[in-house]
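One structure below.
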Amino acid sequence: MADLDFPLNGQRVFVAGHQGMVGSAIVRALRGQRRCEVLTAPRRSLDLRRPERVESWMRRHRPQAVFLAAARVGGIAANQSRPAEFLHDNLAIASSVVEASRKAAVGKLLFLGSSCIYPRLAPQPISEAALLTGPLEATNEWYAVAKIAGVKLCEAYRRQHGCNFVSLMPTNLYGPGDNFDPESGHVIPALMRRMHDAKAAERDSVAVWGSGAPRREFLHVDDLADACVFLMERYADAGPVNVGSGQELSIAELAALIKDAVGFRGNIVFDASRPDGTPRKRLDLGRLDQLGWRARRALPSGLEETYRWFLAAWIETGPERSVRR
Ligand code: GDP
């Protein structure tokens with residue numbers, strides 16, 4: 001296992017984006033695994049897109065480590081319909097938090113990129129070296145361009161200012177705290193929601209977008225949070241690190257697993273009028289493996305747990321009151 005670079009015990013640690021799926025999982029991991037002071041700032045009191053507000057917040061709270069998990073996120077349809085928001089908000093969040101962290105002399109920052117920022121037709125499995133070697137997938141290029149800028153900001157601040165800023169590239173995520181909106185959500189929560197609704201209304205079929213052929217690798221968000229804590233403490237190099245589970249399957253196979261988790265008994269119908277997106281984006285996990293970290297949660301049980309969370313948080317308390325990104 002890689003040596004300790006920045007132990008979190010005893011530190012003041014800011015989780016930017018703690019109301020989102022990833023940020024809330026990082027907060028859970030820190031509270032469960034480390035004795036550190038976790039700092040958070042609700043969206044309504046701190047707009048992370050505004051540099052002067054972030055700088056003044058940092059002057060007041062003096063974090064020593066920053067997890068930059070805040071982002072405007074969404075599935076394939078949301079990316080296509082709101083390109084300006086996806087590009088602008090993610091650029092603004094990355095540049096304000098990174099610059100404010102430098103000014104506040106933050107000792108370590110971990111930025112979350114995404115596997116969708118690799119070229120659409122990158123050789124599989126995708127290694128970190130594939131970044132910026134080819135054209136992006138058109139359905140999420142707005143988000144991808146902003147996230148690439150964030151990764152490069154960390155590299156540039158390391159080079160010019162000597163800041164210990166690192167970045168990681170998570171594969172497709174799922175788990176508690178996800179957005180279960182059937183239109184704007186990612187594939188797992190969207191299908192869970194539509195199958196749940198179809199079961200409740202006794203409908204006999206549910207539409208799955210595209211051909212069912214694209215392949216994706218899925219990582220439980222609590223595994224990602226464990227990896228974030230691990231890399232914050234042990235990784236201190238310029239390049240990003242891929243974080244995945246190695247569990248890759250087709251969307252058709254995934255839909256069958258979600259059907260089991262939800263207990264929906266109808267048919268799955270593929271809707272070819274909806275986009276497939278990237279054909280495949282399996283990550284090369286060699287660097288992560290060498291550092292000494294592996295995902296622990298299996299997809300079928302992770303899906304069942306996520307469905308239970310959905311039933312408890314989303315259905316019982318109502319969408320507006322549950323955690324969402
Ligand atoms: P992506 O990895 O950025 O494409 O993330 P998504 O989660 O939005 O989509 C993953 C794959 O699932 C794509 O091939 C989609 O076409 C497919 N998919 C099937 N049904 C759905 C759905 O209801 N919502 C979303 N978002 N994707 C779906």
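In listed order, ligands and their atoms are each counted from 1. Computation of the quantities below employed the complete heavy-atom set of this structure, encompassing side-chain atoms and omitting hydrogens, waters and symmetry-equivalent molecules. One-based numbering along the sequence shown.
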Under 3.5 Å donor-acceptor pairs involving side-chain atoms of residues 104-112, not counting sequence neighbours:
unit_1, atom_1, unit_2, atom_2, d
Lys108, NZ, Asp5, OD2, 2.6
Lys108, NZ, Met232, O, 2.8
Lys108, NZ, Tyr235, O, 2.5

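The distance between the ring centers of His61 and Phe14 does not fall below 6.0 angstrom.
The contact shell of ligand 1, taken as protein residues with any non-hydrogen atom closer than 4.0 angstrom, comprises Gly75, Ile76, Asn140, Asn172, Gly185, His186, Val187, Ala190, Leu191, Arg194, Val208, Trp209, Pro214, Arg216, Ile251, Pro275, Asp276, Lys281.
Taking a cutoff of 4.0 Å between a charged side-chain nitrogen and a carboxylate oxygen, Glu248 and Arg280 qualify as a salt bridge. Using a 4.0 Å cut-off between a side-chain N of Lys or Arg and a carboxylate O of Asp or Glu, Arg296 and Asp226 qualify as a salt bridge.
Pairs of residues two or more places apart, or lying in two chains, that qualify as salt bridge (Lys or Arg N to Asp or Glu O under 4.0 Å) and include a residue from residues 29-39 are Arg34-Glu233. For residues 112-139, the set of pairs meeting the ring pair (Phe, Tyr, Trp, His ring centres under 6.0 Å) definition, not counting sequence neighbours, is empty.
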